[in-house]
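All values reported here derive from a predicted model rather than from experimental measurement. Protein chains get the first letters and strands the later ones, always in sequence-line order, with residue 1 at the start of each.
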Amino acid sequence: ETGVTQTPRHLVMGMTNKKSLKCEQHLGHNAMYWYKQSAKKPLELMFVYNFKEQTENNSVPSRFSPECPNSSHLFLHLHTLQPEDSALYLCASSQEASPRETQYFGPGTRLLVL
Amino acid sequence: AQSVTQLGSHVSVSEGALVLLRCNYSSSVPPYLFWYVQYPNQGLQLLLKYTSAATLVKGINGFEAEFKKSETSFHLTKPSAHMSDAAEYFCAALSSGAGSYQLTFGKGTKLSVIP
């Protein structure tokens, strides 16, 4: 399998549930990103990991908890979410977190919080 | 902070007509600029990027964009629209944060192609 994959593709959860989103990249990259895409709003960067270290947390609420166990995998742990957290969550990767590197995106996980 | 403005949330063109999608950025320092395309139920795919080399950048699928510093613009064009170009297009600018770089995206422009 090539590129950036995300699972699950769709997720419905209640506000009291705990779930995790998974992202895996098969490109040998060292930087990984989580973005949130809400309707009628620009994509919002949530987190950046470079060589497994978190280098950016864009004022994301603590109910979103990222984890990067190695350069190929990135998780987003979700707990006690709100309905307004419903969105498409996109994962991306790049060779490094630098301006010259292109970010490659996965297909996203569409999340609905009831 | 960098901001990116895409004029027109929805653009419709006839098949074979010129495609023009507008993007303006706010930085006084020319940033790195990108155009991404998103097809339904898919992630974003890079169309092209400007990295301070040539001001006219050619991308995939016949798209190109011209960086104009005086207008702080990076509009996306294609001479002749094809039905397969129907998708949502995002302009993005790279800015630096604390110890990393991040992409700031516009709200997107949905392109419809009329047969």
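- Remark: of the listed residues A:Leu81, A:Leu76, A:Val12, A:Leu81 is the sole one forming a side-chain contact (heavy atoms from CB on, under 4.5 Å) with A:Leu111.
- Proximity to chain B (any heavy atom under 4.5 Å) is restricted, for A:Arg9, to the side chain, taken from C-beta onward.
- When ring centroids are compared, A:Phe105 and A:Tyr35 come within the 6.0 Å threshold.
- Looking at B:Leu44, the atoms closer than 4.5 Å to chain A (heavy atoms on both sides) sit in the backbone and in the side chain alike.
- Put simply, the residue from B:Phe34, B:Tyr25, B:Phe67, B:Trp35 that forms a ring-ring contact (aromatic ring centres under 6.0 Å, His included) with B:Tyr50 is B:Phe67.
- For chain B, the nearby part of A:Gln37 is the side chain; its heavy atoms alone come within less than 4.5 Å.
- For B:Gln38, the part lying under 4.5 angstrom from a heavy atom of chain A is the side chain only.
- Each of B:Phe105, B:Phe63, B:Phe74 was checked for a ring-ring contact (aromatic ring centres under 6.0 Å, His included) with B:Tyr89, and the lone residue meeting it is B:Phe63.
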Worksheet entry | side-chain hydrogen bond (donor to acceptor under 3.5 Å, both in side chains) assessment of B:Lys49 paired with A:Thr102 | CA-CA 8 Å; B:Lys49 65 179 179 181; A:Thr102 299; 2.8 Å; yes
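- Contacts between A:Leu90 and chain B at a heavy-atom distance below 4.5 Å involve the side chain alone, from C-beta outward.
- Looking at B:Phe90, only its side chain comes within 4.5 Å of chain A, counting heavy atoms on both sides.
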